[in-house]
2 protein chains.
Amino acid sequence: MGRSYQQYCPIAHALDIVGERWSLLVVRELMRGPQRYSDLHERLPGCGTNVLAARLKRLEEAGVVHRHRLPPPAASMVYELTEYGEGLRRVVHELARWGIRSLGPPAPDEALHPGWLIEALGAITELQSDTPDTRVEFRVGAEVGSFSAGVVSQGAADEPDAIVSTDPPGFYHLFVNGDFEQVEITGDRDAVGRLVSAAALGPPLALHV
Amino acid sequence: MGRSYQQYCPIAHALDIVGERWSLLVVRELMRGPQRYSDLHERLPGCGTNVLAARLKRLEEAGVVHRHRLPPPAASMVYELTEYGEGLRRVVHELARWGIRSLGPPAPDEALHPGWLIEALGAITELQSDTPDTRVEFRVGAEVGSFSAGVVSQGAADEPDAIVSTDPPGFYHLFVNGDFEQVEITGDRDAVGRLVSAAALGPPLALHV
DNA sequence: CGGAATCCTCTTCGATACTG
DNA sequence: CAGTATCGAAGAGGATTCCG
């Protein structure tokens, strides 16, 4: 176990559990669903095997992660978030919403992992219940996801108000800069506008060091 | 600078900025307002002077913190959050909301820092706009704070629907366990109930290691 | 006195190699 | 596949010293 901050404070306590290096990225991976040790290791380049093992053990002790063996024949070990661990989804989404403002757009040829769009939509629209009747479908590169009545789902939308087609940089500029120049919209442009406004990510930062 | 995760991901990027040990606790302190170096050092026991200096430098580079000199005669240096740094408030509050579930109540004689109540109310009621007309005043130990129309403020409330008097453990049990046994309420008990429900912290965890 | 830079020890990280 | 063992490099923590 890492060293505790030794303060009676919910924030310090939370960081005692998930504040060590790699911990929240392990959680990020498990938010995609149960994963095996080697899946995690593969998706976290730079994380030593011993460090990953230590983090998983710590997270399990703290009730964030549950480790269990799959039923035979595929009798391998998988890790998954507990109900308490699922509670970190909001934390991670808020962190993503904050981080995106100083991240900058992806390079046009940046390799994004499959499923990124659905997670991005989830984080962007986290907590937004003020776009109740808006339905928008996003087609970004090879990914398709949609936002409908406050819920994000993979794949095409049913009778969307609008369809947004773009590439990852265009998607970034749409939500971070409110820039509609790099997206192609068919249908109700205002529906997209409402979604972007509701996301309320805040202005981007000039490049930092 | 610490070592980067080297991933194009808003979460990894955010953690590159504030994921190092002590960084988010520095931010927590600055959320109380501008602070001098020695104030921060005093409030972060266990944090070495070199580590604190390094974190502040990193946070300044990243546009999270702004450092400036107070006008004479008190020509000392103060650190404060930038607009971008203020954006971490939601992250920190979500972390607190998550952490509180496994923290357990404070010891009856636990020394809490002045001003804790107002921060606790802020985190607990973060994002809760579904209690528009509720006004509750809290008197917890030496601290007084109030919640009124979605806004938290220090001191007594103007014509509150209810006044809650208790000690810190009672305050904890009220919001985390929904336990009204350890609080004394004058006025509209349901107003307090609505606030507790809206907080929606989730169930507490059994003691973890 | 406030705000660090330096020095030194100890722990943790990250990479590789190895084992049930 | 799922880790443990090992080891050099980097970072944390504590005390002291230096600077304005």
Side-chain angles (χ1 to χ4, degrees), chain A residues 1-7 12 15-27 29-30 33-62 65-80, chain B residues 1-7 12 15-30 32-62 65-80:
Chain A
M1 170 169 63
R3 185 179 288 248
S4 165
Y5 287 114
Q6 309 255 46
Q7 297 183 12
L15 291 173
D16 281 342
I17 300 174
V18 295
E20 287 177 301
R21 190 161 168 76
W22 295 108
S23 289
L24 276 178
L25 293 187
V26 170
V27 171
E29 290 307 316
L30 293 176
Q35 309 272 338
R36 292 175 307 177
Y37 183 92
S38 33
D39 297 331
L40 293 171
H41 185 238
E42 186 179 6
R43 286 182 152 285
L44 298 171
C47 180
T49 60
N50 54 346
V51 173
L52 178 55
R55 294 300 174 271
L56 286 168
K57 182 178 290 184
R58 172 81 182 116
L59 291 174
E60 192 183 0
E61 283 172 0
V65 157
H66 180 230
R67 185 175 81 124
H68 64 109
R69 191 175 292 280
L70 284 184
S76 67
M77 220 58 118
V78 292
Y79 294 87
E80 65 184 340
Chain B
M1 169 169 65
R3 103 188 19 215
S4 164
Y5 287 114
Q6 309 254 45
Q7 297 182 15
L15 292 172
D16 280 341
I17 300 174
V18 294
E20 285 176 303
R21 190 161 169 77
W22 295 110
S23 289
L24 276 178
L25 293 187
V26 170
V27 170
R28 178 195 71 186
E29 290 307 317
L30 293 177
R32 304 164 50 85
Q35 310 272 339
R36 291 175 307 177
Y37 182 92
S38 33
D39 298 331
L40 292 171
H41 186 235
E42 186 180 5
R43 286 183 151 282
L44 298 171
C47 181
T49 61
N50 53 348
V51 173
L52 179 55
R55 294 299 175 273
L56 287 168
K57 182 177 291 185
R58 172 81 182 116
L59 292 173
E60 192 182 1
E61 282 172 0
V65 158
H66 181 230
R67 186 174 80 122
H68 64 108
R69 190 175 293 280
L70 283 184
S76 67
M77 222 54 122
V78 292
Y79 295 87
E80 65 184 340

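Lettering of chains follows the sequences in order, A, B, ..., and the numbering in each one begins at 1. Everything quoted here is computed from the prediction, not taken from an experiment.
- For Glu60(B), there are no side-chain hydrogen bond (donor to acceptor under 3.5 Å, both in side chains) partners, not counting sequence neighbours.
- In this structure, CD of Glu42(A) is placed 16 Å from P of dG3(D), rounded to the nearest angstrom.
- Annotated stems with DNA chain C as a participant read C:1-20 with D:1-20, given as range with range, by first number; only runs of 3 or more Watson-Crick or G-U pairs under 3.5 Å qualify.
- Taking atom CG on Leu56(B) and atom P on dG2(C), their separation rounds to 16 Å, with Å as the unit.
- For Asn50(A), there are no side chain to side chain contact (heavy atoms under 4.5 Å, CB included) partners at least two apart in sequence or on another chain.
- The CZ atom of Arg43(B) sits 15 Å away from the P atom of dG2(C) (whole-angstrom rounding).
- Arg67(B) comes within contact range of the sugar-phosphate backbone alone, with a heavy-atom separation under 4.0 Å but no base atom that close.
- OP1 or OP2 of dC13(C) has at least one side-chain nitrogen or oxygen of Arg55(A) nearer than 4.0 Å.
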message: Using a 4.0 Å heavy-atom cut-off to protein, can you give one letter per nucleotide of nucleotides 14-20 of chain C, 5' to 3': B if the base is in contact, S if only the sugar-phosphate is, - if neither?
response: BBBB---

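- In this structure, the CG atom of Leu52(B) is 10 Å from the P atom of dG3(C), given to the nearest Å.
- The phosphate of dG3(D) has OP1 or OP2 within less than 4.0 Å of a side-chain N or O from Tyr79(A).
- Arg67(B) meets the side-chain hydrogen bond (donor to acceptor under 3.5 Å, both in side chains) test with no other residue; sequence neighbours excluded.
- With a 4.5 Å cut-off on side-chain heavy atoms, Leu40(B) and Leu56(B) count as touching.
- A close approach under 4.0 Å does occur between a side-chain nitrogen or oxygen of Ser38(B) and OP1 or OP2 of dG3(C).
- Regarding Asp16(A), its CG atom lies at a distance of 13 Å from the P atom of dT12(C), rounded to whole Å.
- Considering only residues two or more places apart in sequence or on other chains, Arg43(B) meets the side chain to side chain contact (heavy atoms under 4.5 Å, CB included) condition with Glu29(B), Arg32(B), His113(B).
- The ring pair (Phe, Tyr, Trp, His ring centres under 6.0 Å) check on Tyr37(B) picks up nothing, with sequence neighbours excluded.
- In this structure, CD of Gln6(A) is placed 11 Å from P of dG13(D), rounded to the nearest angstrom.
- Look at CE on Met77(B): it is 13 Å from P on dG20(D), rounded to the nearest Å.
- Atom CG in Leu59(A) sits about 13 Å away from atom P in dG3(D), given to the nearest Å.
- Residues satisfying the side chain to side chain contact (heavy atoms under 4.5 Å, CB included) criterion with Glu42(A), sequence neighbours excluded, are absent altogether.
- Taking the side chain as every heavy atom from C-beta outward, Glu80(B) and Leu30(B) never approach each other to under 4.5 Å.
- Ala12(A) pairs by the side chain to side chain contact (heavy atoms under 4.5 Å, CB included) definition with Tyr5(A), Gln7(A), Cys9(A), Leu25(B), Arg28(B), not counting sequence neighbours.
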